[in-house]
Amino acid sequence: MKPFFALILLTLAASPSVQSKTNTNLTVIQPYVTVTQAAQLSGFVYGKIVNNTNQAQTLTSITTSASTRVEIQTMDSHNAKAIGRKVDQLTIPAQSSKVLEPGDTRIALLGLVKPLEAHEHITLTLHFSNKKTINVEVPVRLSLKDALHSPGVIPPPIDHKATN
């Protein structure tokens with residue numbers, strides 16, 4: 001049985017995903033976008049951007065083929081109604097993170113090319129002011145309301161690392 005465990009440990013040590021977690025300075029963890037309907041023209045990406053560097057990192061733009069335009073948005077409440085407000089950049093402090101979540105900060109996909117369907121993935125490229133980029137595979141999942149009626153359909157978290 002010991003050789004079996006040794007083989008597993010050796011395989012995990014050689015795995016790029018395990019190594020990338022230990023060498024990563026800027027990551028996006030647990031990204032997701034929810035399913036959209038045919039008439040919806042926008043979708044929203046959530047997750048967590050983690051900055052393990054000793055300097056603040058500034059997200060300046062995002063690109064994708066899933067929509068004609070992408071914005072970083074924060075939510076403002078007006079007359080008990082939340083409205084997304086475009087911001088030009090998002091700074092993640094050194095040794096910190098920024099959570100993208102409903103009702104707060106999010107990535108808005110505007111002018112969707114096609115509806116986003118469960119179990120698909122879209123690719124985002126996050127561009128930072130220091131010229132670093134992160135390519136992020138974002139799973140499309142059911143909304144929390146829909147997921148409660150369909151257990152087991154939310155995919156596991158995916159970690160992504162910055163590239164030069």
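On a predicted model such as this, the values are computed, not experimentally measured, just so you know.
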Quiz item: How far apart are the closest heavy atoms of Q40 and L112, and which atoms are they?
Solution: O-CD1, 4.1 Å
Quiz item: Other than Y32, which residues form its hydrophobic cluster under the rule that side-chain heavy atoms must be closer than 4.5 Å?
Solution: F44, Y46
Exercise. Using modelled atom types only, decide if a donor and an acceptor are shared between the side chain of T36 and the backbone of S42 within a distance under 3.5 Å.
Key: no
Quiz prompt | Heavy-atom side-chain proximity of T123 to V138 below 4.5 angstrom | solution = no
Quiz item: Do V113 and I62 share a hydrophobic cluster, counting only Ile, Leu, Val, Met, Phe, Trp and Tyr and linking them when any side-chain heavy atoms are less than 4.5 Å apart?
Solution: no
Quiz item: Quick one: do R106 and E71 make a salt bridge, cutoff under 4.0 Å?
Solution: no
Quiz prompt | Partner residues of S67 under the side-chain hydrogen bond (donor to acceptor under 3.5 Å, both in side chains) criterion, sequence neighbours left out | solution = none
Quiz item: Side chains of N130 and Q57: closer than 4.5 Å at any heavy-atom pair?
Solution: yes
Practice problem: Taking all non-hydrogen atoms of both residues into account, name the closest pair between P115 and A38 and its distance. | Solution: CG-CA, 3.7 Å
Quiz item: Is L109 linked to L41 within one hydrophobic cluster, defined over Ile, Leu, Val, Met, Phe, Trp and Tyr using a side-chain heavy-atom separation of less than 4.5 Å?
Solution: no
Practice problem: Start with the C-alpha gap between D104 and M75, add the side-chain angles, then the distance that decides, and say whether side-chain contact (heavy atoms from CB on, under 4.5 Å) holds. | Solution: CA-CA 5 Å; D104 192 15; M75 300 303 293; 5.6 Å; no
Self-check item: Heavy atoms from other residues, nucleotides or ligands near CD of E101 exceed 12 (cutoff 6.0 Å)
Solution: yes
Practice problem: Mind checking the CD-NZ spacing from Q30 to K48? Nearest 0.5 Å is all I need. | Solution: 8.0 Å
Self-check item: Heavy-atom closest pair, residues P31 and E137
Solution: CG-O, 4.0 Å
Quiz item: Does a side-chain heavy-atom distance below 4.5 Å link L124 with V45?
Solution: yes
Quiz item: V99 and I107: same hydrophobic cluster, using ILVMFWY side-chain contacts below 4.5 Å?
Solution: no
Quiz item: Any side-chain heavy atom of V35 sitting closer than 4.5 Å to one from L116?
Solution: no
Quiz item: Rounded to the nearest 0.5 Å, how far does NZ of K132 lie from CG of L26?
Solution: 7.0 Å
Quiz prompt | Heavy-atom pair of closest approach, residues A118 and L142 | solution = CB-CD2, 4.2 Å
Quiz item: Hey, which of T133, I134, V70 is the one that makes side-chain contact (heavy atoms from CB on, under 4.5 Å) with T125?
Solution: T133
Self-check item: Qualifying residue, where the test is side-chain contact (heavy atoms from CB on, under 4.5 Å) with L126 and the options are I72, T63, N135, V28
Solution: V28
Quiz item: Are I122 and V33 side-chain neighbours, meaning at least one heavy-atom pair lies under 4.5 Å?
Solution: yes
For residues 89-97, dump all side-chain donor-acceptor pairs below 3.5 Å to protein atoms at least two apart in sequence or in another chain.
unit_1 : atom_1 : unit_2 : atom_2 : d
T91    : OG1    : T58    : OG1    : 3.3
Q95    : NE2    : N52    : O      : 2.8
Q95    : NE2    : T53    : O      : 3.0
Q95    : NE2    : N54    : OD1    : 3.2

